[in-house]
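Following: one structure in structure tokens, then a few remarks.
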There are 2 protein chains.
Amino acid sequence: MFSQTEENYLKCIYLQLEKNAQSLVTTSVISEQMKTTAASVTDMLKRLSGKKLIHYKKYQGVLLTKSGRIKALSIVRKHRLWEYFLVEKLKFQWDEIHAVAEQLEHVASELLIDKLDVFLGRPKFDPHGDPIPDHHGKLSLHRLKNLSLLKPREKGKVAAVVEQDPDFLKHLERLQIQIETPIKVLDKAEFDRSMTISINGSGTVNISYDIAKNILIGK
Amino acid sequence: MFSQTEENYLKCIYLQLEKNAQSLVTTSVISEQMKTTAASVTDMLKRLSGKKLIHYKKYQGVLLTKSGRIKALSIVRKHRLWEYFLVEKLKFQWDEIHAVAEQLEHVASELLIDKLDVFLGRPKFDPHGDPIPDHHGKLSLHRLKNLSLLKPREKGKVAAVVEQDPDFLKHLERLQIQIETPIKVLDKAEFDRSMTISINGSGTVNISYDIAKNILIGK
DNA sequence: AAAAATATTTAGATTAGTCTAAAAATAAGT
DNA sequence: ACTTATTTTTAGACTAATCTAAATATTTTT
Ligand SMILES: [Mn+2]
Ligand SMILES: [Mn+2]
Ligand SMILES: [Mn+2]
Ligand SMILES: [Mn+2]
């Protein structure tokens, strides 16, 4: 029905809309994310628009149509279910899974993904803390606070990570920070916005703002 | 490194070489298997030849080179491991898995396939009884007899099926014939080569030559 | 051994996806 | 408001994979 390339573009547009609160997604943002030229993006936007998957206004940007959103959610669902499988069943590290899931998400079989979902126990969140859309495209939402915004004495558990680059994830691993790890803010420095935190009740470390702002905390 | 299309052609050539005892594989056989035109096959043979994956003699046919064989074996390994996964873990029926594995086999990650192999317990045969090449491309070979060649009184267990069309597999399922099912030949009719067999010690049925010749029996 | 039938290759077109370079539109700076 | 800078689109070209139709090679039949 759709090519892998079309699926990747749709997913990219969906993820950008999620991140930037529904404002139009621009050609340049897509070309940066997809690592292609703006010209290629324009070509693809015309194609997706022709298939009624996006609303495209020249020079302005794009939004997903109803059917575009449904398709995008199904790809995100596959991606995150496979990531869960890779970590929980095959014992991958959370920094190794993205590239593999990037391919697995394109395997087209409703039966496969339904059976995989059952096999995994219908998980609600992937290894990065991102919600896994259910069969109907519904997402479990939990409101999370950005670690960088917590005040001294406040605490919670790591629920998700914003940045998912392997290097960042490996860095968190070295700090012994994973999903579900309890964190407590001990102190904040105003000038560089760095903070001292206690990890898992024991390890006390100072982390930069660049680290803190990419960690999301839940109750 | 290689496109999905190139991988499919390589696998096709490998399977034909296995089946027809190393004689040259012709353009027409490939075009029939791949459901494309002979012209498309010729184009692809030139491409694969250029990449030193096949030995191609115009108008004669092709053989795999060393590196072509290695690549083909790795695709076959992935295909059969995924089939095993689908049946053993996700509870697919053996007639539902081929099309899905046809896509999964193209996911390129050595780490993935090694971890999957370990997760599955390094299986030696896929759900159709075909051998799964190991990490080095080694195949477990068992010599099997074609059921149609067995004489009355001879018996054994179903070890593999030659034909793997879903309709044929569903038919065997209805007869309660699966891999490992004990079979004993009771009688053979000369004129149509049909045979009466006992399935699993109980059910006695008459099967046509077309059925029998597609079932392989092991000790 | 020539004719007929079959198999294979070549020639030329088509589509998806990509790129570079140039043109056009929009946004920013003074 | 006008100039400059940035973003986006268009134009034209390229590769992979496919097809149809025509040409050529091989095999089979007589
Ligand atoms: Mn992808
Ligand atoms: Mn994820
Ligand atoms: Mn395939
Ligand atoms: Mn199989």
Side-chain angles (χ1 to χ4, degrees), chain A residues 1-14 16-17 19-20 23-64 68 71-72 75 102-103 105-108, chain B residues 1-14 16-17 19-20 23-64 68 71-72 75 102-103 105-108:
Chain A
M1 200 61 171
F2 302 108
S3 71
Q4 291 205 184
T5 311
E6 288 170 334
E7 291 188 348
N8 285 333
Y9 273 95
L10 278 179
K11 185 173 57 131
C12 171
I13 293 166
Y14 169 83
Q16 288 305 313
L17 286 170
K19 187 189 292 185
N20 303 324
S23 69
L24 290 173
V25 182
T26 62
T27 299
S28 57
V29 165
I30 298 171
S31 79
E32 193 184 333
Q33 292 289 316
M34 302 285 296
K35 300 186 204 305
T36 50
T37 61
S40 298
V41 174
T42 301
D43 285 347
M44 181 54 80
L45 294 184
K46 286 180 191 163
R47 167 187 313 283
L48 293 175
S49 186
K51 292 192 176 186
K52 308 275 185 220
L53 293 165
I54 60 172
H55 294 296
Y56 170 45
K57 266 202 210 142
K58 266 193 183 181
Y59 291 99
Q60 302 307 304
V62 297
L63 286 178
L64 289 170
K71 182 64 193 167
I75 301 158
E102 199 58 45
Q103 296 179 63
E105 71 191 355
H106 303 293
V107 175
Chain B
M1 200 64 170
F2 302 108
S3 72
Q4 292 204 183
T5 311
E6 289 169 333
E7 292 188 346
N8 284 334
Y9 273 94
L10 278 179
K11 184 173 57 132
C12 171
I13 293 166
Y14 168 83
Q16 288 305 314
L17 286 172
K19 187 190 291 184
N20 303 324
S23 69
L24 290 173
V25 182
T26 62
T27 299
S28 58
V29 165
I30 297 170
S31 79
E32 193 184 333
Q33 291 290 314
M34 302 286 296
K35 298 185 206 304
T36 50
T37 61
S40 299
V41 174
T42 301
D43 285 348
M44 181 55 79
L45 295 184
K46 286 180 191 162
R47 167 187 311 283
L48 294 176
S49 185
K51 293 192 176 187
K52 309 274 185 221
L53 294 165
I54 60 172
H55 294 295
Y56 171 44
K57 267 202 210 139
K58 265 194 185 180
Y59 292 100
Q60 302 307 303
V62 298
L63 286 178
L64 289 171
K71 182 64 193 168
I75 301 157
E102 200 57 46
Q103 297 180 63
E105 71 190 358
H106 303 293
V107 176

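The figures that follow rest on heavy atoms only: side chains count, while hydrogens, waters and symmetry mates do not. Chain letters run A, B, ... following the sequence lines, proteins first, then strands; residues in each count from 1. What you are looking at is a predicted structure, and each value in this text was computed from that prediction instead of being measured.
Following rounding to the nearest Å, B:E6 (CD) and D:dT15 (P) show an atom-to-atom distance of 15 Å. As a whole-Å value, the separation of B:L48 CG from D:dA16 P is 12 Å. One interatomic measurement links the two molecules: CG of B:N8 to P of D:dA16, which rounds to 17 Å at whole-angstrom precision. Rounded to whole Å, atom C1' of D:dA16 lies 10 Å from atom NZ of B:K51. In this structure, B:I30 places its CD1 atom 16 Å from C1' of D:dT18, rounding to the nearest Å. Here D:dC19 presents its P atom at 11 Å from CE of B:M44, a figure rounded to the nearest Å. Rounded to a whole Å, the NZ atom of B:K57 is 17 Å from the P atom of D:dA25. In this structure, A:E7 places its CD atom 11 Å from P of C:dG17, rounding to the nearest Å.
Residue A:T27 is in sugar-phosphate contact alone, with no base atom involved, counting any heavy-atom pair closer than 4.0 Å across all strands shown. Residue contacts for B:T5: at a heavy-atom cut-off of 4.0 Å it reaches the sugar-phosphate backbone alone, with no base atom in range. Here B:F2 lies out of heavy-atom contact (under 4.0 Å) with every strand.
The side chain of B:S28 sits closest to C:dA7 out of C:dG17, C:dT18, C:dA7. Relative to the side chain of B:T42, the nucleotides D:dT9, D:dC19, C:dT10 differ in distance, and C:dT10 lies closest. Ranking C:dT10, D:dA11, C:dT18 by closeness to the A:Y9 side chain, first place goes to C:dT18. Comparing C:dG17, C:dT9, D:dT18 by their closest approach to the side chain of B:Y56 singles out C:dT9. Checking C:dT18, D:dA17, C:dT10 against every side-chain atom of B:K58, the shortest atom distance belongs to C:dT10. Among the nucleotides C:dG17, C:dT9, C:dT10, the one closest to the side chain of A:S3 is C:dG17. Across D:dT20, C:dA25, C:dC19, the shortest atom-to-atom separation from the side chain of A:T37 is found for C:dC19. Considering only the side chain of B:D43, D:dT18 comes nearest among D:dT18, C:dT8, D:dT9. Of the candidate nucleotides C:dT10, D:dT26, D:dT10, D:dT26 has the atom lying nearest to any side-chain atom of B:Q60. Comparing D:dT8, C:dC19, D:dT10 by their nearest atom to the side chain of A:S40 picks out C:dC19.
Judged by closest nucleotide on DNA chain C, B:A38 is the one of A:Y59 and B:A38 placed further toward the 5' end.
Ion pair B:K51/B:E6 flagged as a salt bridge, since at least one NZ, NE, NH1 or NH2 atom sits closer than 4.0 Å to an Asp/Glu carboxylate oxygen.
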**OP:** Check the pair A:Y9 / A:K11 against side chain to side chain contact (heavy atoms under 4.5 Å, CB included), numbers first and verdict last.
**Re:** CA-CA 5 Å; A:Y9 273 95; A:K11 185 173 57 131; over 6 Å; no
Original post:
What's the verdict on side chain to side chain contact (heavy atoms under 4.5 Å, CB included) for B:L53 and B:F2, showing C-alpha distance, side-chain angles and the deciding distance?
Top reply: CA-CA 11 Å; B:L53 294 165; B:F2 302 108; 3.5 Å; yes
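Using Watson-Crick or G-U wobble geometry with both donor-acceptor distances under 3.5 Å, D:dT10 finds its partner in C:dA21.
Between B:K46 and C:dT9 there is no side-chain polar atom (N or O) within less than 4.0 angstrom of OP1 or OP2.
At least one donor-acceptor pair closer than 3.5 Å links the side chain of A:S31 to the backbone N or O of A:S28. Looking only at distances, a side-chain donor or acceptor of A:Q103 sits under 3.5 Å from a matching main-chain atom of B:A108.
With respect to A:L17, the side chain to side chain contact (heavy atoms under 4.5 Å, CB included) criterion is satisfied by exactly one of A:V62, A:L63, A:L24: A:L63.
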